[in-house]
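Contents: one structure, followed by commentary.
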There are 2 protein chains.
Amino acid sequence: MDTNFPDLRQFGGAEAFLRVCKPRVVLEMFTSKWTALVMGALLDGPRRFSELRRALDGITQKMLSQTLRTLERDGLVTRTVFPTVPPRVDYELTALGRSATGILEAIGAWAGEHADAVIAARTTYDARAAEPPRPVT
Amino acid sequence: MDTNFPDLRQFGGAEAFLRVCKPRVVLEMFTSKWTALVMGALLDGPRRFSELRRALDGITQKMLSQTLRTLERDGLVTRTVFPTVPPRVDYELTALGRSATGILEAIGAWAGEHADAVIAARTTYDARAAEPPRPVT
DNA sequence: CCGGATCCACTTAGATACTG
DNA sequence: CAGTATCTAAGTGGATCCGG
């Protein structure tokens, strides 16, 4: 099989390549701890800040706020402020955001089939690493 | 739409939920900087350490070594030592590892369609954030 | 109610030097 | 050739306090 792995020297090394690699940009959208969970909580429709805070029982205000702002910046979520008192702010997935949840579903599907194998492999590896050193014979 | 977002209090809060959530386990397999690139470099078949080091032009020995060990621990890559001198070590994707690259392909496909929209959204957001504050009227 | 600002602990990654 | 060990810099997340 030949999958045309690129010659990274064209880009000035792997480091430079990663900065312009679009799949990597997307990967980093989901790497932060709360991103996937917040998007999941928005799947059912618009939610206000305090509803999300309750749904994500245990998340700090700072992290929820920060995660939502990142999602908004990436165009995955809209933020709507109602000029009432007390203030009310609604968050909702955009079309782009809903399409991005497809990735999370793909990950969930793979996880359903293979996560146990990964966890088992870790257990085996860790047990082997904890064994006493083998005699040299 | 109702997507049955779970009541996280059942798990003792979101923090505890994330620790047992299988999709999250899978997500974290790819969060480290070099994982996806190393797996990509192994798609064409077995490679030895120095070949990978060259293919990933600019990666440090430490990060390549660390990434490969993590992949091996997760059961995605096998490590084969040939007892020759000088030593030779081959790395190869397992069946599990090859199936996991499907996730990376899904991300790549979405990126091909939507990464530009994300990048554009960021640009717009950043420009707006840099504007002078609006008068209160 | 919705956040911003600050401080701190922990993790991650790079540089460098050394070993079987 | 194929790593490991150590040190340091940078980023990420949590706790807490303050403001509109």
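Naming: A, B, ... by sequence-line order, numbering from 1 per chain.
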B/Y125 with B/V118, same ILVMFWY side-chain cluster at under 4.5 Å: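 Each belongs to a different hydrophobic cluster.
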Shared hydrophobic cluster, A/V77 / A/V25 (ILVMFWY, side-chain heavy atoms < 4.5 Å):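 Different clusters.
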Checking side-chain polar atoms at under 3.5 Å, does [X] have a donor or acceptor matched by the opposite partner on [Y]?
X: B/T70; Y: B/T67; value: no
X: A/R98; Y: A/T94; value: no
X: B/R128; Y: B/T124; value: no
X: A/Y91; Y: A/R47; value: no

Rounded off to whole Å, could you give me the [atom1]-to-[atom2] distance for the [X] and [N] pair?
X: A/F82; N: C/dC2; atom1: CZ; atom2: P; result: 11 Å
X: B/F49; N: D/dA2; atom1: CZ; atom2: C1'; result: 6 Å
X: A/Q66; N: D/dT16; atom1: CD; atom2: C1'; result: 15 Å
X: A/L64; N: D/dT16; atom1: CG; atom2: P; result: 18 Å
X: A/R47; N: C/dC1; atom1: CZ; atom2: C1'; result: 18 Å
X: A/R69; N: C/dG3; atom1: CZ; atom2: P; result: 7 Å

Extract from the structure each pairing of a protein N or O with an N or O of nucleotides 14-20 of chain C at less than 3.5 Å, listing the distance.
unit_1 : atom_1 : unit_2 : atom_2 : d
C/dG14 : OP1    : A/E15  : OE2    : 3.4
C/dG14 : OP1    : B/K33  : NZ     : 2.3
C/dG14 : OP2    : B/W34  : NE1    : 3.1
C/dG14 : N7     : B/K62  : NZ     : 3.3
C/dG14 : O6     : B/K62  : NZ     : 2.2

Any donor-acceptor N/O pair, B/T35 side chain to B/T31 backbone, under 3.5 Å: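 Not a single qualifying donor-acceptor pair exists.
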Flag, side chain of A/D7 to backbone of A/R9, donor-acceptor distance under 3.5 Å: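 Pair found, side chain donor or acceptor close to backbone of A/R9.
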Rounded to 10 degrees, the angle between the two terminal axes of the helix from C/dC1-D/dG20 to C/dG20-D/dC1, each from five pairs: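 It comes to 40° between the two terminal axes.
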Should [X] be listed as having a side-chain N or O under 4.0 Å from OP1 or OP2 of [N]?
X: B/R48; N: D/dC1; result: no
X: B/S50; N: D/dA2; result: yes
X: A/S65; N: C/dG4; result: yes

Extract all donor-acceptor atom pairs below 3.5 Å that involve side chains of residues 104-115 of chain B and protein atoms in other chains or at least two apart in sequence.
unit_1 : atom_1 : unit_2 : atom_2 : d
B/W110 : NE1    : A/S99  : O      : 3.4
B/W110 : NE1    : A/S99  : OG     : 2.9

